[in-house]
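In what follows, chains are A, B, ... by sequence order, proteins preceding strands, each numbered from 1. The basis for the numbers below is simple: all heavy atoms, side chains too, and nothing from hydrogens, waters or symmetry mates.
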Amino acid sequence: MKRVDEERELTRLLNEDASGLTEHVSALRGHVPNALELGALASSLAVRGIGVAPTTPSASPHAWKKWAAGGAGGAAAIALWLAFAPRAADPAATSAVPPVNNTQEQTSAPIVAPSRPGPPRDARPLGQATAAESEVQPSSEAESLPSSSSAAPEARAPSQEPRAKAPGGAQARSTEARAPRALATAPPTSDVATQPTELELLRDARLAIRSSPAAALGLVDRHAQLYPQGKLSQERELIAISALVAMGRRTAALSRAASFERSFPGSAYRKQVEELLR
Amino acid sequence: MDGPGDQKSAGLSPWTIVDDSEASRAASPRAALETFPEIFQQHGRFLWRTLMNLGVPGHDAQDLCQEVMLTVHRRLPDFDGRSLRGWLYGICVRVASDYRKSARVRREVPEPEPPDVGLEAQQPEQVERARRLERVLAALKQLSEEKRTAFVLYEVEELTLAEVSEAVGAPLQTVYSRIKAARDALRLELSVGGGARETG
């Protein structure tokens, strides 16, 4: 029997044997990382110079252009991180969400595998599965997510079904797209309305690591001054350690990493810190 | 086999710049020429989900997903374009398998209950959903690794049988048998709330 025919027959047999596990499968599909976790992953890849936001790759062999591309990749990762950050964490982040979200929506079309032999899975009892997946809110990353990943809206599986168009949240974000901001250089002020947000400070700090790690460290210190218990304290410390490593201040980096370990023993960035100091 | 201990990955300097224009595109013209960023955006969360559903604890899932992504990024130029999802999930499955076999896992203290699901949801249906997830994850753990993997890839990730076959490196008939057996075991486990344990 040809492989395609064999697959078709076996799939038919599986379709006939309704699993009766629809609700449990639906729960497993909802077991996805939240936006902050994905942003942390993007950030960890960006630290390694691997951009995860769609950018125009640099074709230049020159090192400085590669550094710029890496910086752009890092900036893109930060943009992705910003996009994934929960709205409730920082209201200003809503307006600071960059156009990358639009790009994300535009490129979220399902990737169709080059070849999809075998029978379509339409005969599966997708009615119930589809109904479960109708709970999907693809723009969940735009909203403040509960900490329970199981409670987070499940994302659609890729390539099998079309992604639902994001509801108003993402569309609203698209109208708020703004040009990239200049580095935050305003002096500290007690006026909360004008002081830079956590995201702005750390975004600028991350952008500055490669070109001017000392400036990055200054921005990090300012973040610590303005937001000593900020929600992005872990990210601040990661950036600080990165900047110290870039400056060749290994002893200071080790000391700050030790402090990080004490302050955030279960941090998801633990391995990234170890990698930086390797 | 690429895995958590892969030296090439471990030796990557944090300041190494990877030229995406060359390294991030699948080589074969038969492929859809997805770039690494596209793969991350469209598959990243599902690969992470698969790791967790295959038994990787939440606190290790990000590290493992990073391993998967680094492997994908490094090997993407060599991807032959036959089946992107089969290839991606194959990497995911091997990383999860290596993790389970690692010494760290053998010494691991059992997770405190409840696992990373969390019950901070405020609505009864969300609480019920969280509890259902707990139960099915516990039931999945009772399956053999092969059956659990086949079930997760086919039922949850909705890969085709051919893609599952490629991901796990087993013939179609074997994959079919594993899925069928997994369904039977899970139905029993979840209907009676802890029936006979599968030993194979």
*For the atom pair CG (B:L133) and NE2 (A:H24), what is the distance rounded to the nearest 0.5 Å?*
9.5 Å
*Say you draw a straight line from OG of B:S165 to CD of A:E6; how long is it, rounded to the nearest 0.5 Å?*
8.5 Å
*If you round to the nearest 0.5 Å, how far is CZ of A:R48 from CE of B:M69?*
13.5 Å
*What's the spacing between A:L38 CG and B:R45 CZ if we round to 0.5 Å?*
5.5 Å
*Heavy-atom closest contact (B:E155 atom, A:V25 atom, distance)*: O-CG1, 3.5 Å
*asked:* Taking every non-hydrogen pair under 4.5 Å, which of A:G266, A:G20, A:S44 racks up the most with chain B?
replied: A:S44
*A:G51 and B:P37: which non-hydrogen atoms are nearest, and at how many Å?*
O-CG, 3.7 Å
*Go through the steps to decide whether B:H73 and A:L45 satisfy the test side chain to side chain contact (heavy atoms under 4.5 Å, CB included), and finish with yes or no.*
CA-CA 10 Å; B:H73 187 275; A:L45 291 171; over 6 Å; no
*What's the spacing between A:E9 CD and B:Y176 OH if we round to 0.5 Å?*
8.5 Å
*Out of curiosity, A:L13 CG to B:I179 CD1, how far, rounded to the nearest 0.5 Å?*
11.5 Å
*Is there a side-chain contact between A:V52 and B:Q41 (heavy atoms, below 4.5 Å)?*
no
*Check each atom of A:L21 against the heavy atoms of chain B and say whether the ones under 4.5 Å are side chain, backbone, both or neither.*
side chain
*Do the side chains of B:V156 and A:H31 get nearer than 4.5 Å, heavy atoms only?*
no
_Verdict with supporting geometry, B:V175 and A:L10, side chain to side chain contact (heavy atoms under 4.5 Å, CB included)_ = CA-CA 10 Å; B:V175 171; A:L10 293 174; over 6 Å; no
*Do the charged groups of B:R129 and A:E23 touch, with an N to O distance under 4.0 Å?*
no
*After noting the C-alpha distance and the side-chain angles of B:E158 and A:R29, does the key distance pass the side chain to side chain contact (heavy atoms under 4.5 Å, CB included) rule?*
CA-CA 10 Å; B:E158 296 188 284; A:R29 289 197 185 126; 3.4 Å; yes
*What is the minimum heavy-atom distance between B:R183 and A:L14, and which atoms define it?*
NH1-O, 2.9 Å
*asked:* Restricting to non-hydrogen atoms, name the atom on A:V32 and the atom on B:M52 that form the minimum distance, rounded to 0.1 Å.
replied: C-CE, 4.2 Å
_Just so I understand: if I count every heavy-atom pair under 4.5 Å between each of B:L186, B:L172, B:V152, B:D184 and chain A, which residue has the most?_
B:L172
